[in-house]
Amino acid sequence: MLNFSELYPCSNQARMAQLLDGMWKFRFDPEEKGLQEGWQHKLPDPISMPVPASFSDFFTTKEERDFCGDFWYETEVFIPREWEKQELEIRFGSITHRAGVYCNGSLTTTHEGGFLPVVARVTDHVKFGEINTFIVKANNELNEESLPCGATMVLSDGRKLARPYFDFFNYSGIQRSVWLVSKPGESIEDFIVDYELNGEDAIVHYQIITNGNHDVSFELYDEDKQQVAKSTGTKGSVTVSKAHLWNVGKAYLYQAVMRIWDGETLIDEYSSKIGIRTVKIAGKEIQINGKAVYLKGFGKHEDFEVIGRGFSWGVLKRDFECMKWIGANCFRTSHYPYAEEWYQFADEEGFLIIDEVPAVGMMRSTRNFADAGTGKFTRFFETPTVPNLLKNHLQAVEEMIVRDKNHPSVIAWSLFNEPETTSEESKEYFTKIFAAARTLDPQNRPMTGAFEKNSQPELCKCYQLCDFICLNRYYGWYIKGGPELVDAREAFLIEMNKWKDKNLNIPFVFTEFGTDTMAAEHKLPSIMWSQEYQNEYLDMNFEIFDQFEFVQGELVWNFADFQTTEGIMRVNGNKKGIFNRVRQPKSAAFVLKKRWESLD
Ligand SMILES: CCC[C@@H]1NC[C@@H](O)[C@H](O)[C@H]1C(=O)O
């Protein structure tokens, strides 16, 4: 049970949310002396730093771009006297990877995990009618106890360096929006909705979690702002007659308005858009509102030039326009929960999301892409760090599901990406993760995880935990690439027939397949890294997918080129994008558009 509310901020007659995005003060702390020098009160000689954004790509020196260790942020906020009777919180969409939050010099909260909200109650530390100072002490080191996994090395000049076990740059900072929230002492802390379809009608089961005992009301309004249902009590069900269902590519959102009353006096109010739909695995099908859906789309990253992993409404808008143009209907939040605004927009646009926790790098390798599929075994789940890793993994799963459970766009939870899954220890570990996750989702959405090639049907001990199976496969790239493409096809077919012979009668989704491709490279006949090869590779994969009826989705890796740690196999990042990093199409985008527009 979380000891803070993850509800997205909103303003109304009972509560206020003030956005604190902008230019903050900032300071690296390579000697880790900030605390003893009192930086929690004020940063000495600070520089400026945009929030939200990653700090790395603003700088022109390697020391700053690749900084690993402690770093600090500061901002000042005027807090009006009118808020004196309210409870005050400061809410960060995330702070990567861990943080302590200070208000006027007092520590108000700490948080482990860089991709879910950090919420601090600051009521007892603020000065009403005055300027208040908020300071964040953050750290971006990697280890095998926190998510995502990696290591931190020390260079000969004493600088720390992040060594990720994953294939994306270790961007860090306050990468999502920050809000100051003022709400009543008795407030709505969370809510739950679940749905039953009944002919043309729908039953909306709701629960409203408050921190008091006053009466509660629940109302539903349609898109014309007409009230369609109402009820009282913290838990109940309402029937929506002739309900407009939310569907993929055809979103319909109702407004749920929840209030706490003292007689006729309003105490608190919270409202949120909800979409009436059901998600179910039925045999080999993924069903939305009882109808099978074939997933077409991408593994993505929150990644862009200059701002790194920082949230941008502009990048979000361009990405959705590109995904609509190409005929996609789904994306996986690889390899971490994204900023809430991505889910809000997917709700609006009728996109499907596989929501993934940052459980990536659970195979000890700084070149997981090279080692995945080699059978390399690193006994990742047999080390003394596992108990702490499990604790942090369970926390991230809980925070992700509690935060995202009411989005109609979220249709499944991915609880890992490419860990070791062939040892008894990995089975024991993930059995605990899946069991815990299943207690957290009131809508009981399907649980899954993305398996890399070592997780072969005869070796893998964890696919049995999944409601549908996600495969990351690179036959024709990491395995038998280029001139061996014809053999890659044969090897792929052999594996797929092994899965078929298991007769699992559940859906499979390819959550990764792709090739690194330089947008400028053309070659006839093709070679690897050329656009022509990316197209030939995709055609071979589609020909295999289409042979197996249990394949119910194809999410290409990746939507766009993205930044990684530098190395001999990365050309200023991963180039497997169907779009380049600034979202212009490679020729494969037209191949996908043609295929996906022809698929129903
Ligand atoms: C064989 C593993 C492939 C690997 N999978 C995880 C992604 O985060 C990487 O980007 C991708 C790649 O190497 O392109």
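Basis for what follows: all heavy atoms, side chains included, without hydrogens, waters or symmetry-related copies. Note that this is a predicted model, so its numbers are computed, not measured. Ligands are counted one by one from 1 in listed order, and the atoms in each one are counted from 1 as well.
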Students should be able to answer this: which protein heavy-atom is nearest to [atom], and at what distance?
{"atom": "atom 4 (C) of ligand 1", "result": "Glu512 OE1, 3.5 Å"}
{"atom": "atom 13 (O) of ligand 1", "result": "Tyr478 OH, 2.5 Å"}
{"atom": "atom 3 (C) of ligand 1", "result": "Tyr474 CE1, 3.4 Å"}
{"atom": "atom 8 (O) of ligand 1", "result": "His335 NE2, 2.6 Å"}
{"atom": "atom 10 (O) of ligand 1", "result": "Asp167 OD2, 2.6 Å"}
{"atom": "atom 2 (C) of ligand 1", "result": "Glu418 OE2, 3.4 Å"}

Taking only heavy atoms of [X] into account, list the atoms of ligand 1 that are under 4.0 Å away from them.
{"X": "Lys576", "value": "12 (C), 13 (O), 14 (O)"}
{"X": "Phe562", "value": "10 (O)"}
{"X": "Phe369", "value": "1 (C), 2 (C), 12 (C), 13 (O)"}
{"X": "Asn417", "value": "6 (C)"}

Salt bridge flag under 4.0 Å for residues [X] and [Y]:
{"X": "Glu302", "Y": "Arg176", "answer": "yes"}
{"X": "Arg65", "Y": "Asp57", "answer": "no"}
{"X": "Lys432", "Y": "Glu428", "answer": "yes"}
{"X": "Asp487", "Y": "Lys480", "answer": "no"}

Do His301 and ligand 1 have an N or O pair less than 3.5 Å apart?
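The answer is no, given that His301 and ligand 1 share no N or O pair closer than 3.5 Å.
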Does any N/O atom on Arg570 come nearer than 3.5 Å to any N/O atom on ligand 1?
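Yes, at least one N or O pair falls under 3.5 Å.
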Does ligand 1 have any atom that is closer than 4.0 Å to a heavy atom of Val360?
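Contact check Val360 vs ligand 1: negative.
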Whether Phe55 and Phe67 hold their rings parallel, tilted or perpendicular, with breakpoints at 30° and 60°
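Phe55 and Phe67: perpendicular rings.
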Between Phe430 and Phe381, how do the two ring planes meet: parallel, tilted or perpendicular, split at 30° and 60°?
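The rings of Phe430 and Phe381 stand perpendicular, inter-plane angle above 60°.
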Between Phe351 and Phe320 (judged by ring centroids, cut-off 6.0 Å), do the two rings come close enough to count as a pair?
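Yes, they do, as the ring centres are separated by less than 6.0 Å.
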Taking non-hydrogen atoms only, is [X] closer than 4.0 angstrom to ligand 1 via side chain, backbone, both or neither?
{"X": "Thr564", "result": "neither"}
{"X": "Asn574", "result": "side chain"}
{"X": "Phe166", "result": "neither"}

What is the distance from atom CG of Asp355 to atom OG of Ser334, rounded to the nearest 0.5 Å?
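So the CG of Asp355 and the OG of Ser334 are separated by 11.0 Å.
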Please confirm whether the backbone N or O of Glu112 pairs with a side-chain atom of Gln395, one donor and one acceptor, at under 3.5 Å?
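Here the side-chain-to-backbone pair exists.
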Pick from Tyr537, Trp529, Trp557, Phe513: which one makes a ring-ring contact (aromatic ring centres under 6.0 Å, His included) with Trp477?
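Single ring-ring contact (aromatic ring centres under 6.0 Å, His included) partner of Trp477 among Tyr537, Trp529, Trp557, Phe513: Trp529.
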